[in-house]
There are 2 protein chains.
Amino acid sequence: MAIKERKEREKQDMRNLIIESATQLFLKHGYDKTSIRNIADDIEYSPATIYLYFKDKDEIFYVIHENAFELLNKELRKNEAIENAFDRLGGIGRTYMKFALENPDYYDLMFIMRAPLSQIKSEQKWEAGECAFGYVTETIGACLEQKLIKPADKFLLAMSVWSFVHGLVSLYVRERMCVFPLSDDLLRDMLYSSLENYLSILKT
Amino acid sequence: MAIKERKEREKQDMRNLIIESATQLFLKHGYDKTSIRNIADDIEYSPATIYLYFKDKDEIFYVIHENAFELLNKELRKNEAIENAFDRLGGIGRTYMKFALENPDYYDLMFIMRAPLSQIKSEQKWEAGECAFGYVTETIGACLEQKLIKPADKFLLAMSVWSFVHGLVSLYVRERMCVFPLSDDLLRDMLYSSLENYLSILKT
DNA sequence: TGTTTTTACTAAACACTGTTTAGTATATTT
DNA sequence: AAATATACTAAACAGTGTTTAGTAAAAACA
């Protein structure tokens, strides 16, 4: 029965088609303005068809959110090449910040919006998040073992580092940094400088 | 012509009535589930009436956002009593965090959601934000003058401290701290511990 | 006072949204 | 060839923010 396999393939193709259209519309117009009807129009199917492939709108954006994490994780792991654990931690921080500033809509979906996580609520785990966060924790563990940073609980430090960078980029992404009377370019520089300053005071 | 004054009073009363109802509904059910029709039902007027007193939904939530800032600022200024500038900074940080954890919906509106700031876009300034942030900057300035913290640019430090605490509470409020397999109580404790740890490494 | 104007309000509509239901062709299996 | 299963959609449901046109009551004017 090769027919069943073909049907399975076709089902996956249709899912991909929907995700591709949704991703493109999302990156162009944002979450709120990407409606099921817009996606349906774009792929030239009726809105109801989309519900044969996805439970609801949030499930679509959960998949996009997972793709975005794959992208971020790929970027983060590039720092694996850095020998010194502290330099690696710095690299990870800068990569994370760069990702957020270059892909603000993805970042929003991954770490700010409630939508994609409605998929997880009670039951599943937030694997994508745990994976990215785990890498930070590991690296901090290495820094602690080699006494490259001031001693503290590994998880507390991981939470701190993550929160620090997230704080900077999320205030920027959601336009709260306007309290600084600075040009956008100078502001971005200052975000990076803040990170450097934080790393320097973490150092032993 | 005392009539004009009465009319003015009545107009303000109606605005207050709408804000009170909206605030109550917002704190009970959240932003998305607080619709103009819900508010109208609650105050026993037609939905169209609300538009005679507010330009749009965002203007209503901008006022609520301002009230929330008044509340936060009042709390923050209580730290004025603390003599030592560094202790005062710590107090401000803890007060900010406490406010966010006790009023997550207000915090969301003030520092995460896009809605209330749509009111500001091009033209006005975000006065409420600048006021709260200014107080942090001032205190950090005092810390620097008295050499209580490691030297760095005043604004860079203010941005850092704010971002650090915002990072912690916003990841918590938007449920990204679930990467930690901890109970809610332990998690909250860890947020405060993170802040203490950060303050300790800022110290000279 | 009576007439005109202004004010306060609303019913209904517009243009959307996510989602569900019922029904129809087409493809597959028996 | 007949029966069944699959893929799809038109239309509806229940909601959203917002606007328009029209109506009573209040205020101003004569």
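Letters A, B, ... are given to chains in the order of the sequence lines, protein chains preceding strands, and every chain is numbered from 1. Computed from a predicted structure; not experimentally measured.
Under the rule for a ring-ring contact (aromatic ring centres under 6.0 Å, His included), the partners of Y107(A) that lie at least two apart in sequence or sit in another chain are Y96(A), F111(A), H166(A). Take E102(B) and apply the salt bridge (charged side-chain N to carboxylate O under 4.0 Å, His left out) test, not counting sequence neighbours, and it matches K98(B). Residues satisfying the ring-ring contact (aromatic ring centres under 6.0 Å, His included) test with F26(A), not counting sequence neighbours, are F61(A). For R174(A), the salt bridge (charged side-chain N to carboxylate O under 4.0 Å, His left out) partners two or more places apart in sequence, or in a different chain, are D108(A). Under the salt bridge (charged side-chain N to carboxylate O under 4.0 Å, His left out) criterion, K154(B) pairs with no residue at all, not counting sequence neighbours. For E83(A), there are no salt bridge (charged side-chain N to carboxylate O under 4.0 Å, His left out) partners, not counting sequence neighbours.
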Please tabulate the protein-to-nucleotide N/O contacts below 3.5 Å involving nucleotides 4-9 of chain C, giving atom names and distances.
from	atom 1	to	atom 2	distance (Å)
dC9(C)	OP2	Y53(B)	OH	2.4

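Distance from the side chain of A48(B) is smallest for dT20(D) among the nucleotides dT20(C), dT20(D), dT18(D).
As a whole-Å value, the separation of E44(A) CD from dT9(D) C1' is 15 Å. Rounded to whole Å, the distance from CZ on F61(A) to C1' on dG18(C) is 12 Å. If you measure from atom NZ of K57(B) to atom P of dT18(D), you get 8 Å, rounded to the nearest angstrom. In this structure, Y51(A) atom OH and dG18(C) atom P are separated by 6 Å, rounded to whole Å. When rounded to the nearest whole Å, the span between CD1 of I50(A) and P of dT21(C) equals 18 Å. The separation between D56(B) atom CG and dT19(D) atom P is 8 Å, rounded to whole Å. Rounded to whole Å, the distance from CD on E8(A) to P on dT6(D) is 12 Å.
Stretches of at least 3 consecutive Watson-Crick or G-U wobble pairs, with each checked distance under 3.5 Å, appear in DNA chain C as C:2-30 with D:1-29.
Aromatic rings of W126(A) and F69(A) (six-membered ring for Trp) have centroids within the 6.0 Å cut-off, being under it.
Sorted by first then second residue, the ring-ring contact (aromatic ring centres under 6.0 Å, His included) pairs that include residues 167-192 of chain A, not counting sequence neighbours, are F180(A)-F133(B). Each side chain to side chain donor-acceptor pair (under 3.5 Å) pair with one or both residues in residues 66-78 of chain A, not counting sequence neighbours, appears once here: Y62(A)-E66(A), E75(A)-K78(A). Legend: salt bridge (charged side-chain N to carboxylate O under 4.0 Å, His left out) pairs involving residues 32-50 of chain B, not counting sequence neighbours: none detected.
Using a 4.0 Å cutoff on non-hydrogen atoms, the parts of residues 31-41 of chain B near DNA chain D are T34(B), S35(B), I36(B), R37(B), N38(B), ordered by number.
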* **Y53(B)/I60(B) under side chain to side chain contact (heavy atoms under 4.5 Å, CB included): CA gap, chis, key distance, verdict** => CA-CA 9 Å; Y53(B) 297 88; I60(B) 296 173; over 6 Å; no
